[in-house]
Each structure stands twice: as C-alpha cells, then as structure tokens.
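Reading through the structure tokens given below for one structure.
By convention here, the first residue in the shown sequence is residue 1. Remember, it's a predicted structure, so these values are computed and weren't measured experimentally.
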Amino acid sequence: MALLKLGHRERAVRVLEELVRTQLSDDGRLLDGCYDLDAGTATRHQLVWGDFFLTYALAALTGLVEPHEA
C-alpha cells in the first residue's frame with residue numbers, strides 16, 4: 001500500500017506479483033507470514049493482517065478502493 005500511496009505503481013505491481021506468485025496458496029491464502037522471528041513465534045503461518053493488506057493492496061491496484069483512503 002505504501003508504494004501505491006507514494007505513486008510508485010510499477011514497483012507496487014512487481015512486489016504484489018511476486019507475493020501472489022510465490023506466497024499465495026491454491027485456495028487464496030497468503031502463506032509463510034512471520035509474527036515474531038526473534039522469539040520464534042509463528043514464523044511460517046497464515047496471518048490475518050497479511051491477507052488483509054494483500055487484499056487491500058490488490059483492491060487499490062485494481063481501482064476498487066482509493067489507495068489514499070487507507
């Protein structure tokens with residue numbers, strides 16, 4: 001979202017494409033999120049905020065929401 005807000009659409013697209021290509025499961029879940037690497041807590045899990053921000057960024061990229069409203 002920050003890249004979109006800052007007007008760096010091409011960079012945002014590259015980041016989102018890489019996330020979707022390498023981290024999205026077949027059923028649409030964003031995998032391998034990390035909650036706290038130092039403590040070793042939930043280092044490879046689905047995290048609800050990861051799903052939210054990916055979905056929101058894709059919605060902003062496709063024009064469903066304005067990136068500056070977040």
Side-chain angles (χ1 to χ4, degrees):
M1 277 306 299
L3 288 172
L4 289 173
K5 284 183 173 186
L6 293 170
H8 298 288
R9 183 180 176 84
E10 293 82 22
R11 291 175 70 188
V13 167
R14 287 195 306 268
V15 169
L16 291 169
E17 284 176 339
E18 185 69 12
L19 272 174
V20 168
R21 187 179 67 77
T22 63
Q23 300 298 314
L24 208 61
S25 69
D26 291 338
D27 60 359
R29 294 177 297 134
L30 184 60
L31 303 176
D32 294 334
C34 183
Y35 179 74
D36 187 342
L37 185 60
D38 289 337
T41 304
T43 57
R44 294 191 69 191
H45 287 77
Q46 178 188 8
L47 303 171
V48 68
W49 51 85
D51 291 337
F52 170 80
F53 284 111
L54 175 60
T55 303
Y56 198 83
L58 292 171
L61 187 66
T62 58
L64 293 173
V65 298
E66 286 293 324
H68 299 287
E69 292 178 2

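For Ser25, the side-chain contact (heavy atoms from CB on, under 4.5 Å) criterion is met by Asp27, Arg29, Leu31, not counting sequence neighbours.
In this structure, Arg21 pairs ionically with Glu18, as a charged nitrogen and a carboxylate oxygen lie closer than 4.0 Å.
A heavy-atom distance below 4.5 Å is found between the side chains of Arg9 and Leu61. Side-chain contact between Leu19 and Leu24 is absent, with no heavy atoms from C-beta onward closer than 4.5 Å.
The hydrophobic cluster containing Val65 does not contain Leu6, counting ILVMFWY residues as joined when their side-chain heavy atoms lie under 4.5 angstrom apart, directly or transitively. Phe52 and Tyr35 fall within a single hydrophobic cluster, where Ile, Leu, Val, Met, Phe, Trp and Tyr are joined by side-chain heavy atoms under 4.5 Å apart, directly or via other members.
Going from atom CG of Leu3 over to atom CG of Leu16 covers 8.5 Å, rounded to the nearest 0.5 Å. Phe53 contributes atom CZ, which lies 12.0 Å from atom CG of Leu47 (distance to the nearest 0.5 angstrom). Annotation: the span from Glu17 atom CD to Leu58 atom CG amounts to 10.5 Å, rounded to 0.5 Å.
Listed here is the closest heavy atom pair of Asp36 and Thr43: O-CG2, 4.2 Å. Contact between Ala57 and Leu4 at its shortest, heavy atoms only, is O-CD1, 3.7 Å.
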